[in-house]
Amino acid sequence: MSSNTDRIKRFLIEEFLPDVTPDELADDHDLLSDGVIDSLGVLKLIAWVEDHFALPVDDTDLDPNNFRSVTAIDAFITQRRTTADAATATVGG
């Protein structure tokens, strides 16, 4: 589990699940099919990821599966950081 998980859960709870505690929100809970997040909520989540993790989210990243659960969001952030680090190393190297 990544250190981002707690930050992701806090955001989701503050914005979408005010009556839920972090312990009650399972990392693999399907936020989309359960109706916790709708299409506007996904946009809000994407804006938050871009802002808080300083990661650009490209059009090709807009797959709903990237934002379906805490685990999926964390994996997306980790993958984007790896890709961004590799691109920076290539440009800087």
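Start at 1 with the first residue, then count along the sequence.
Taken from CD1 in Ile77 to CG in Leu55, the straight-line distance is 7.0 Å, to the nearest 0.5 Å. Put simply, NZ on Lys9 and OG1 on Thr21 are 8.5 Å apart, with the number rounded to the nearest 0.5 Å.
Taking the six-membered ring for Trp and thresholds of 30 and 60 degrees, Trp48 and Phe53 have ring planes more than 60 degrees apart, a perpendicular arrangement.
For Arg81 and Phe76, the positive end is not near the middle of the six-membered ring at less than 6.0 Å and at most 45° from its axis.
Minimum interatomic distance between Pro56 and Asp61 (heavy atoms only, all atoms of both residues): O-OD2, 4.1 Å. Nearest heavy-atom pair, Ser69 versus Asp27, reported as atom, atom and distance to 0.1 Å: CB-O, 3.4 Å. For the residue pair Ile73 and Phe67, the shortest heavy atom distance occurs at CG1-CA, 3.7 Å. Counting all heavy atoms, side chain and backbone alike, Arg80 lies closest to Asp58 at NH2-OD2, 3.5 Å. For the pair Asp19 and Glu24, the tightest heavy-atom approach, listed with the atom from each and the gap, is O-OE1, 3.9 Å. Closest approach of Ile13 to Val20, counting heavy atoms only: CG2-O, 3.2 Å.
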Return all side-chain donor-acceptor pairs below 3.5 angstrom for residues 36-46, not counting sequence neighbours, or 'none' if the list is empty.
{"unit_1": "Asp38", "atom_1": "OD1", "unit_2": "Leu40", "atom_2": "N", "d": "3.2"}
{"unit_1": "Asp38", "atom_1": "OD1", "unit_2": "Gly41", "atom_2": "N", "d": "2.8"}
{"unit_1": "Lys44", "atom_1": "NZ", "unit_2": "Glu15", "atom_2": "OE1", "d": "2.6"}

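Considering only residues two or more places apart in sequence or on other chains, Arg68 meets the salt bridge (charged side-chain N to carboxylate O under 4.0 Å, His left out) condition with Asp30.
Side chain of Arg10 to main chain of Thr5: no donor-acceptor pair is present (N/O by atom type, distance under 3.5 Å, no hydrogens or angles).
No side-chain heavy atom of His29 sits under 4.5 Å from any side-chain heavy atom of Val70.
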